[in-house]
Amino acid sequence: PSSMLEVIAMTSEIDTLDLTSRVKDVLQFHNLGQKLFGEAVLGLSQGSVSELLSKPKPWHMLSIKGREPFIKMHLWLSDPQNIDRLKHYQSQIKGRCDSSQCKWCLS
DNA sequence: TAGTCATCGATTCGAA
DNA sequence: TTCGAATCGATGACTA
């Protein structure tokens, strides 16, 4: 296996429907769009993210490559700082981070 | 080398 | 009218 994601893809099993439903909930709750999420977390375009979130294929129907975005989503969901990171990424894309106390900017 | 899969990106749709 | 989400044809990477 060439990447860490491939290792996880072969060893674990993910309920893609449950996973995507939880991701959508979190994103909507914080008003974060598919384009932002795709760029910052998955490395995919908005259209791709839309297809993954609205019609996720069951785990056993996916190739190793196809499982990678879902693994990234799973890792992102378990990251306690996921929202903070995303919002900071968002603020850097457009204007600028307005908080002088921002912990991401300090480092 | 033909068929499948994941992704792209332009376009369309829908809500505010 | 603008922004985020959904659709869908085109395309490159794989694979049998």
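By convention in this document, chain letters (A, B, ...) are assigned in the order of the sequence lines, proteins followed by strands, and residues within each chain are numbered from 1. Note that the coordinates shown come from a computational prediction; the quantities given were computed from them, not determined experimentally.
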Student: Which value, rounded to the nearest 0.5 Å, describes the distance between A:Thr16 atom OG1 and A:Ile71 atom CD1?
Tutor: 12.0 Å

Student: Output the rounded distance in Å from CG (A:Leu32) to P (C:dC3).
Tutor: 16 Å

Student: Using whole Å, report how far CD of A:Glu39 lies from C1' of C:dG4.
Tutor: 13 Å

Student: Look at all strands and tell whether A:Gly43 reaches a base, only sugar-phosphate, or nothing, counting heavy atoms closer than 4.0 Å.
Tutor: sugar-phosphate

Student: Under 6.0 Å from the NZ atom of A:Lys72, do we count more than 12 heavy atoms belonging to anything else shown?
Tutor: yes

Student: Rounded to the nearest Å, what distance is computed from the CG atom of residue A:Asn31 to the C1' atom of nucleotide C:dA5?
Tutor: 14 Å

Student: Atom CD of A:Gln90 and atom P of C:dC3: how far apart are they, to the nearest Å?
Tutor: 13 Å

Student: Can you pull every protein N or O that's under 3.5 Å from an N or O on nucleotides 6-12 of chain C?
Tutor:
| residue | atom | partner | partner atom | Å |
| --- | --- | --- | --- | --- |
| C:dA6 | OP2 | A:Gln34 | NE2 | 2.9 |
| C:dA6 | OP2 | A:Ser50 | OG | 3.2 |
| C:dA6 | N7 | A:Gln46 | NE2 | 3.0 |
| C:dA6 | N6 | A:Gln46 | OE1 | 2.7 |
| C:dC8 | N4 | A:Glu51 | OE2 | 2.4 |

Student: Would you kindly give the CG-to-P distance between A:Leu52 and C:dA5, to the nearest whole Å?
Tutor: 14 Å

Student: Please evaluate residues A:Trp76 and A:Ile83 with respect to the criterion side-chain contact (heavy atoms from CB on, under 4.5 Å), reporting the C-alpha separation (whole Å), side-chain torsions for both, the decisive distance (0.1 Å), and the verdict.
Tutor: CA-CA 9 Å; A:Trp76 181 79; A:Ile83 298 299; 4.0 Å; yes

Student: For B:dA6, does either OP1 or OP2 sit under 4.0 Å from a side-chain N or O belonging to A:Ser63?
Tutor: yes

Student: Keeping the roles fixed (side chain from A:Asp84, backbone from A:Gln81), state whether a donor-acceptor pair exists under 3.5 Å.
Tutor: no

Student: To the nearest 0.5 angstrom, please state how far the CG atom of A:Asp18 sits from the NE2 atom of A:His74.
Tutor: 9.5 Å

Student: Rounded to the nearest Å, what distance is computed from the CD1 atom of residue A:Ile64 to the P atom of nucleotide B:dT7?
Tutor: 13 Å

Student: Look up atom OG in A:Ser12 and atom CH2 in A:Trp59, then write down how far apart they are to the nearest 0.5 Å.
Tutor: 5.0 Å

Student: Just N and O in the side chain of A:Lys35: are any of them under 4.0 Å from OP1 or OP2 of C:dC3?
Tutor: no

Student: In whole angstrom, give the distance that lies between atom NZ of A:Lys65 and atom P of B:dC5.
Tutor: 13 Å

Student: Thinking salt bridges, do A:Glu51 and A:Lys55 make one under a 4.0 Å N-O criterion?
Tutor: no

Student: If I take atom CD in residue A:Gln28 and atom C1' in nucleotide B:dA15, what distance separates them, rounded to the nearest angstrom?
Tutor: 12 Å

